[in-house]
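No hydrogens, no waters, no symmetry mates; every other heavy atom, side chains included, goes into these values. As the structure is a computational prediction, the values presented were derived from the model and not from experiment. In each ligand, atom 1 is the first atom listed, and ligand 1 is the first ligand listed.
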Amino acid sequence: MPGKRTDVISWDEFFMRVAVAASLRSKDPNTQVGACIADTNHRILSVGYNGTPSALNDDEFPWGTDEDPLHDKHNYVIHAEANAILNYRGSLKDMTGATVYVTLFPCHECAKTLVQAGIGEVVYLDDKYDGTEDNLISKNILQRCGIAYRQIALSE
Ligand SMILES: Nc1nc(=O)n([C@H]2C[C@H](O)[C@@H](COP(=O)(O)O)O2)cc1CO
Ligand SMILES: [Zn+2]
C-alpha cells in the first residue's frame, strides 16, 4: 500500500495563496491586495480584494493618486480586508477568533474593522508601508486590542 503524501502545503500557505489569487483580481495599477478569512476549523469564510464599490464603473475611475481628493483613488477603493468582511454571508459570531490572511499589512481603518468583526489573528505577507504613520497606528490598534499579527513567506 502506498504511503500518503507528506509534502503538502501548510494551512497558512494554503490560505495565503488564496489571498494572493484574490489579489490578482484587483484593478489597482499600483498595489494589488488580497485577503482570505479562515476560521479556527480551517474553513474559508470569505475572500476579498481591493476595488471600487461594485456599482461604481471602474473603467471610468481615476486609478491614480491626486492632490484633489475627488480624483484620488484612495477615497474610493474598498480595501481587501474590508471587502472580505463585507463579502461574508454567514453570521458574524462565527468570525470570532478567525484569522485574516492578507497580502499586505492592514491599514489602521481595516485594523479597527477587523478587530470589531472579531478577528483574532492577522497573518500577512508584505509590509511595504512599515513605519509610516498609518502603519504604526494600525499596529498600535492591533496590539492594544490583543490581536496577534505575524508575517509569513510563501515557498517557491
Ligand atoms: N492593507 C491594505 N489593503 C488594501 O486593500 N489596500 C489598497 C488600497 C489601495 O487600492 C491600494 C494602496 O495603493 P497605494 O497607496 O499603494 O498606491 O491598496 C491597501 C492596504 C495597505 O494598508
Ligand atoms: Zn485598509
Side-chain angles (χ1 to χ4, degrees), residues 10-40 44-90 92 94-154:
S10 66
W11 285 115
D12 275 352
E13 187 163 349
F14 173 63
F15 296 130
M16 190 59 86
R17 285 192 183 280
V18 172
V20 170
S23 76
L24 302 177
R25 288 278 313 152
S26 174
K27 313 283 170 47
D28 191 318
N30 193 48
T31 303
Q32 303 83 41
V33 187
C36 173
I37 301 174
D39 72 10
T40 49
I44 291 177
L45 298 181
S46 191
V47 175
Y49 60 89
N50 56 325
T52 61
S54 48
L56 203 157
N57 186 340
D58 58 21
D59 293 331
E60 302 161 4
F61 187 67
W63 277 110
T65 304
D66 200 287
E67 273 179 26
D68 180 357
L70 201 65
H71 297 111
D72 188 324
K73 69 170 180 183
H74 295 95
N75 296 318
Y76 297 92
V77 168
I78 304 174
H79 289 194
E81 307 89 315
N83 263 328
I85 290 172
L86 291 166
N87 287 336
Y88 180 50
R89 297 293 103 172
L92 266 184
D94 295 328
M95 206 179 266
T96 307
T99 299
V100 62
Y101 290 83
V102 63
T103 59
L104 182 60
F105 198 91
C107 76
H108 87 282
E109 288 294 343
C110 287
K112 285 188 285 187
T113 307
L114 292 166
V115 167
Q116 202 65 357
I119 292 290
E121 188 188 22
V122 174
V123 180
Y124 63 98
L125 263 189
D126 189 14
D127 193 10
K128 70 174 175 172
Y129 293 118
D130 183 28
T132 60
E133 188 176 70
D134 183 273
N135 184 273
L136 292 173
I137 295 168
S138 179
K139 286 171 180 159
N140 195 21
I141 291 167
L142 295 174
Q143 280 164 20
R144 295 180 71 150
C145 296
I147 310 300
Y149 54 84
R150 60 187 167 89
Q151 187 169 32
I152 62 167
L154 294 177

_Please tell me whether Tyr76 and Phe61 form a close aromatic pair, meaning their ring centres lie under 6.0 Å apart._
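Yes - the distance between ring centres of Tyr76 and Phe61 falls below the 6.0 Å cut-off.
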_Quick check: Tyr149 with Phe105 (ring centres under 6.0 Å apart)?_
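Yes: the rings meet the under 6.0 Å criterion.
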*asked:* I need the contact type for Phe105 against ligand 1. Using non-hydrogen atoms and a strict under-4.0 Å cut-off, is it side chain, backbone, both or neither?
replied: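 The answer is the backbone of Phe105.
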*Just heavy atoms, cut-off under 4.0 Å: does Lys73 contact ligand 1 by side chain, backbone, both, or neither?*
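Lys73 to ligand 1: side-chain contact only, backbone stays beyond 4.0 Å.
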Is a donor from one side chain sitting under 3.5 angstrom from an acceptor on the other, for [X] and [Y]?
X      : Y      : result
Thr31  : Lys128 : yes
His108 : Asp134 : yes
Asn83  : Asn50  : no

*Please test Arg17 against Asp12 for salt bridge (charged side-chain N to carboxylate O under 4.0 Å, His left out), starting from the C-alpha separation and ending with a verdict.*
CA-CA 9 Å; Arg17 285 192 183 280; Asp12 275 352; over 6 Å; no
*Have a look at the Zn ion (ligand 2) and estimate, to 10 degrees, the angle subtended by ND1 (His79) and SG (Cys110).*
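If I round to 10°, I get 120°.
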Of the protein's non-hydrogen atoms, which lies at the shortest distance from [atom], and what is that distance?
atom                    : value
atom 5 (O) of ligand 1  : Ala80 N, 2.9 Å
atom 6 (N) of ligand 1  : Val33 CG2, 3.7 Å
atom 21 (C) of ligand 1 : Leu104 CD2, 3.5 Å
atom 15 (O) of ligand 1 : His74 NE2, 2.6 Å
atom 3 (N) of ligand 1  : Glu81 OE1, 3.0 Å
atom 10 (O) of ligand 1 : Asp28 OD2, 2.7 Å
atom 12 (C) of ligand 1 : Thr31 CB, 3.7 Å

*Does CD in Gln151 sit with more than 12 non-hydrogen atoms of other residues, nucleotides or ligands closer than 6.0 Å?*
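Yes, the 6.0 Å shell around CD holds more than 12 heavy atoms from other groups.
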*Leu125 and Val20, any side-chain heavy atoms less than 4.5 Å apart*: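 Yes. Closest side-chain heavy atoms under 4.5 Å.
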N/O to N/O below 3.5 Å, does that happen between [X] and ligand 1?
X      : answer
Asp134 : no
Cys107 : yes
Ile78  : no

*Going by heavy atoms, is Pro106 under 4.0 Å from ligand 1?*
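Yes.
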_Please list, in number order, the atoms of ligand 1 under 4.0 Å from a heavy atom of Tyr129._
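Checking each atom against Tyr129, I get 14 (P), 15 (O), 16 (O).
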*Find all atoms of ligand 1 within a distance of less than 4.0 Å from any non-hydrogen atom belonging to Asn30, and give their numbers and elements.*
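Those atoms are 14 (P), 16 (O), 17 (O).
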*Quick one: CG on Leu114 to SG on Cys107, what's the gap to the nearest 0.5 Å?*
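The CG atom of Leu114 sits 8.5 Å away from the SG atom of Cys107.
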*Passing candidate, side-chain hydrogen bond (donor to acceptor under 3.5 Å, both in side chains) with Lys73, options Thr65, Asp58, Asp28*: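 Among Thr65, Asp58, Asp28, the one that satisfies the side-chain hydrogen bond (donor to acceptor under 3.5 Å, both in side chains) with Lys73 is Asp28.
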_If the threshold is 4.0 Å, N to carboxylate O, is there a salt bridge linking Asp130 and Lys139?_
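Result for this pair is yes, salt bridge flagged.
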*Taking the minimum heavy-atom distance to atom 7 (C) of ligand 1, which of Asp126, Asn50, Val77 ranks first?*
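Minimum heavy-atom distance to atom 7 (C) of ligand 1 goes to Asn50.
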